[in-house]
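Comments concern the structure below.
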Amino acid sequence: LGSDEVLRGEQAVVSTQSTGYQCQNCEHVETAFNNCIYVNKITHEIDELQTIVGDVITDPTLPRTQDHPCPRCSQCLAVFFQAQSSVADQGMRLYYVCCNQQCNHKWTE
């Protein structure tokens, strides 16, 4: 290839088992060492509190506490449970849901 000729990232069949690059100006072909043509990595962080269903306040098997008032409506009764945090370095966390059906606020401490 001359200095002004460029290999383009277009897929060219080098053999039946490999992918390569082919010059658009001449017959030159190079074998690609990685068969990956394109990667699009999408990371999406979810809000753990949004995944909690508000109906947990009607679950009779969950413990309740009056020691942690709701930060939104100041109701004293809240359902709580422990779950693994999706953030690896945080471990187990306590989640609270306000038992006031008009509020239904979710928080963690």
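Just so it is clear, the structure is predicted and the values come from calculations on it, not from any experiment.
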Exercise. Is there a side-chain contact between Cys73 and His105 (heavy atoms, below 4.5 Å)?
Worked result: no
Problem set entry | Cys103 side chain near Gln75 side chain, heavy-atom distance below 4.5 Å | no
For this session: Using the side-chain contact (heavy atoms from CB on, under 4.5 Å) rule, take Asp59 and Val79 through it: C-alpha gap first, then chi angles, then the decisive distance, then the call.
Result: CA-CA 9 Å; Asp59 187 344; Val79 170; over 6 Å; no
Exercise. Considering the options Leu62, Val53, Val56, which one meets the side chain to side chain contact (heavy atoms under 4.5 Å, CB included) requirement together with Val97?
Worked result: Val56
Problem set entry | Reported CG-to-SG distance for the pair Asn100 and Cys76, which is rounded to 0.5 angstrom | 11.5 Å
Exercise. How long is the span from the CD atom in Glu27 to the CD atom in Gln22, to the nearest 0.5 Å?
Worked result: 6.5 Å
Exercise. For Tyr96, what are the other residues in its hydrophobic cluster, where any two members join if their side-chain heavy atoms are less than 4.5 angstrom apart?
Worked result: Phe80, Leu94, Trp107
Seminar exercise, completed: Sorted by chain and number, sequence neighbours left out, side-chain hydrogen bond (donor to acceptor under 3.5 Å, both in side chains) with Thr58 holds for none
For this session: Verify side-chain contact (heavy atoms from CB on, under 4.5 Å) between Arg72 and Cys98, making sure each step is shown before the conclusion.
Result: CA-CA 9 Å; Arg72 182 183 290 164; Cys98 179; over 6 Å; no
Exercise. Is it true that Leu77 and Ile57 fall in one hydrophobic cluster, defined by side-chain heavy atoms closer than 4.5 Å?
Worked result: no
